[in-house]
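Heavy-atom basis, side chains included; hydrogens, waters and symmetry copies ignored. All chains are named by letter (A, B, ...) in the order of the sequence lines, taking the proteins before the strands, and each is independently numbered beginning at 1.
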Amino acid sequence: MAGRVIVHIDMNCFYASVEQVFDPSLKGKPIAIAGNPKERRGIIITCSYEARAFGVKTTMTVHEAKKLCPQLFILPPNFERYRHASKQFFQLLREYTELVEPVSIDESYIDISDLCTNRHAMEIVKEIQQRIYSELLLPCSLGVAPNKFLAKTASDMKKPMGITVLRKRDIAEKLWPLPVIAMHGVGKKTANKLATIGITTIEQLAKVEEHKIRQLLGINGERLKARANGQDNRQVDPDSIYDTKSVGNSTTLPRDETDYKALQMIMKQLSAKVAERLKAKRLAGTTVTIYIRDADWHNQTRSKSVKNAIANETEIFEIAWALFMKHWDESPVRLLGVTVSNVTDQQHVTQQLGLFDLEEQIKDEPIVELMQQLERKFGKGAVKRGLTAPVQGKYQANTSFSKDFLDDFDVIQRKSPPL
Amino acid sequence: MKFDIMRDRLLAGLNDVMKAVSSKTTIPILTGIKIDVTHEGLHLTGSDADITIQTFIPVEENGEQLINVSATGSIVLQARMFNEIVRKLPTNDVEIEVSAGFATNIRSGKSEFHLIGLDASEYPLLPEVAADRQFSMPADLLKSVIRETVFAVATSESRPVLTGVNWKILDNELICVATDSHRLARRKIQLEQLPAEINSVVIPGKSLNELNKILEDTTDLVQIALTNYHVLFKTDDVLFFSRLLEGNYPDTSRLIPEEYKTNVTINGKALLQAIDRASLLAREDRNNVVRFETLENNTVEISSNSPEIGKVEEQISVENLEGEALKISFSAKYMMEALRAIDGQDVIIQFTGTMRPFILRSIHDDAILQLILPVRTY
């Protein structure tokens with residue numbers, strides 16, 4: 001792994017930039033993407049640099065933002081547009097190398113080591129930035145480094161339209177003076193913990209004694225110390241994003257809800273969304289988890305596991321609703337969520353048959369028998385059951401954290417597995 | 001109340017009744033054990049409202065005096081505490097005396113405990129069981145009947161009646177059935193003098209498991225009495241009451257196939273070991289699936305395949321193989337439990353297709369029948 005060249009590419013104010021491309025009259029104006037305040041989703045998801053100049057920040061309420069910047073343009077999110085732009089972005093990156101690892105809808109690592117034998121790395125990254133800007137009209141920042149951690153750190157250093165090279169020898173000068181909270185992978189909680197042993201800068205973290213950090217943060221502590229020293233041996237893995245572990249949806253209710261019919265309705269919708277996304281990914285799972293947040297922000301998580309992996313709306317809803325009825329204390333509900341986890345590819349799913357519902361479970365027995373006969377006669381794989389084309393769901397990617405936006409690539413890149 | 005007793009006998013009796021005592025009871029007095037002393041002997045009673053166990057220790061046994069009763073009476077003592085105390089007493093002679101109120105003194109050697117007891121009249125009465133609907137069977141037979149069926153009861157409460165074993169009497173035969181809806185165990189026993197007027201009861205699996213622990217592996221007869229709500233198992237010195245489960249047990253007789261397309265006679269032990277090996281690569285979250293496939297020349301293949309772990313294949317020869325070729329997947333756990341219940345000898349496995357229930361039984365008869373539903377793979 002000597003001398004890798006890893007690039008982290010971060011689209012600047014992605015949603016806002018896409019909106020400005022879509023409606024050029026918004027260019028140069030302070031705009032923000034936010035949910036509907038009437039439905040209590042009035043939180044700024046992202047905003048343009050022009051808005052940032054006024055102090056507008058992500059996660060502010062629309063109300064707070066308008067105070068700082070009365071002329072702020074508020075736009076509702078249009079995920080279809082962002083998905084489309086994201087798709088073009090990743091396609092462009094793939095023209096350079098197969099080693100593209102999407103991190104989220106607007107962020108990616110690429111490994112260009114092999115390209116650097118013929119061309120200089122800086123020449124390549126400049127070209128990538130220029131092409132994204134001229135072909136997609138979108139600004140982005142790039143970090144160039146020998147590993148993922150440094151690349152990610154570097155891309156953060158100059159925004160917008162920056163290119164930052166971070167070599168290992170630069171660490172002491174560029175990274176170490178910063179407070180630990182600025183380090184990727186250190187959040188508020190970790191920073192507070194580190195403060196208890198007197199660590200406030202990245203330099204202190206880099207030089208902390210191994211056993212001390214291990215005692216405080218365990219294996220993650222050792223990892224952070226290594227990163228602070230510029231060590232990170234994670235590879236760029238184009239498939240890592242496809243390892244879906246769970247599929248879940250949640251929603252904040254327009255008002256604190258106590259009506260059980262209304263809650264049932266919402267639970268049904270959430271189950272339908274989850275089912276649709278599972279279907280699009282050809283997954284099924286054995287654990288259903290529900291989230292309940294009440295008006296006082298008390299969060300409750302409850303889950304149930306079943307024998308046979310499930311993927312359809314009715315089954316998900318039945319379990320989710322039973323869990324809800326069992327654990328809901330009738331206090332007003334602010335947010336509801338449903339997640340299916342322990343997921344596996346539907347082709348690996350097994351179904352333990354039951355004595356009392358056998359007839360229902362094996363309705364299709366004659367077809368299966370016929371197929372077996374044909375296989376015996378013509379060899380394995382001679383017939384296959386209706387190969388279903390991957391389903392394009394209408395409920396996809398609705399936050400930048402969701403990885404569903406990749407399902408499009410999924411379809412292009414991976415051949416349908418035999419059923 | 002005042003008596004002297006041999007510590008080891010008291011401990012043996014306590015050991016049995018403690019099996020019925022639960023710390024999770026909602027009735028406070030049931031956290032205690034009731035002690036009744038008469039001139040005949042000592043009764044100990046423990047209960048969790050579902051199961052009630054009473055043991056009897058006679059004053060005298062085979063000419064040996066076990067208890068010396070000075071004054072008769074009753075008291076309820078905290079079960080866990082009393083049991084621990086008796087276990088740790090310094091000598092084999094124990095004197096228990098209830099003085100003023102419910103204050104109880106336990107003396108052994110130079111050790112003396114003062115325990116605060118509870119009023120025995122508050123303790124629930126034993127269920128009343130009429131003597132007419134009774135039958136009996138040897139303890140060792142009863143134990144194997146339990147062992148061969150109870151493992152198949154449902155563990156989830158989604159259909160409470162399936163957490164019990166269904167006992168019914170039909171033409172001088174006792175038929176015991178347990179199923180969790182994925183597999184079924186059935187045991188038939190010919191017994192003499194079976195009462196005719198009992199149709200069907202469901203005994204909680206948990207009760208049978210506890211009973212199995214208490215019964216000794218002897219040929220001594222166990223009297224079994226049934227009422228509409230309770231069952232009583234009675235040996236010389238133990239009464240074991242269990243509440244019955246309410247609700248209709250599903251009719252399972254029609255669910256057992258009558259005609260079969262593939263018959264395999266195989267050494268049960270060899271198959272059990274092969275399945276056990278194959279199950280090492282089966283995943284619990286995928287129903288522990290192993291595959292079973294008939295090959296030519298009296299051979300079957302057992303295999304398991306988990307894409308992210310690896311795979312295993314093993315061929316075993318069978319005594320006899322007739323009928324259609326077959327590939328079937330099933331839970332290794334269910335198969336192993338069924339084979340253990342039939343116990344090692346040659347078994348016949350009869351299939352009716354990849355997605356249909358199949359049965360296992362001994363080559364001699366169908367006194368023990370195990371039915372398993374396969375796992376569908378896609």
Turns out that what part of B:S156 lies under 4.5 Å from chain A's heavy atoms comes down to neither
Interface moiety of B:R254 toward chain A, non-hydrogen atoms closer than 4.5 Å: neither
May I ask you to check whether B:W167 and B:Y249 place their ring centres under 6.0 Å from each other? no
Results of ring-ring contact (aromatic ring centres under 6.0 Å, His included) for B:F151 - residues two or more places apart only: none
Passing candidate, ring-ring contact (aromatic ring centres under 6.0 Å, His included) with B:F351, options B:F330, B:Y260, B:F358: B:F358
Without hydrogens or angle criteria, can the side chains of A:S246 and A:S341 be said to hold a donor-acceptor pair below 3.5 Å? no
Is the backbone N or O of B:V312 less than 3.5 Å from a side-chain atom of B:S304, with the two atoms forming a donor-acceptor pair by type? no
Whatever's closer than 4.5 Å to a heavy atom in chain A on B:L162 counts as side chain
Which of residues 176-186 of chain B have a heavy atom under 4.5 Å from any heavy atom of chain A? B:T179, B:S181, B:H182, B:L184
Given a strict heavy-atom distance threshold of 4.5 Å, which part of A:L358 is in contact with chain B: side chain, backbone, both, or neither? side chain
Is a side-chain N or O of A:N312 found less than 3.5 angstrom from the main chain of A:E315, in a donor-acceptor match? yes
Does A:D329, at its CG atom, have more than 12 non-hydrogen atoms belonging to other residues, nucleotides or ligands within less than 6.0 Å? yes
Can you confirm whether more than 12 heavy atoms, excluding those of B:E246, are under 6.0 Å from its CD atom? no
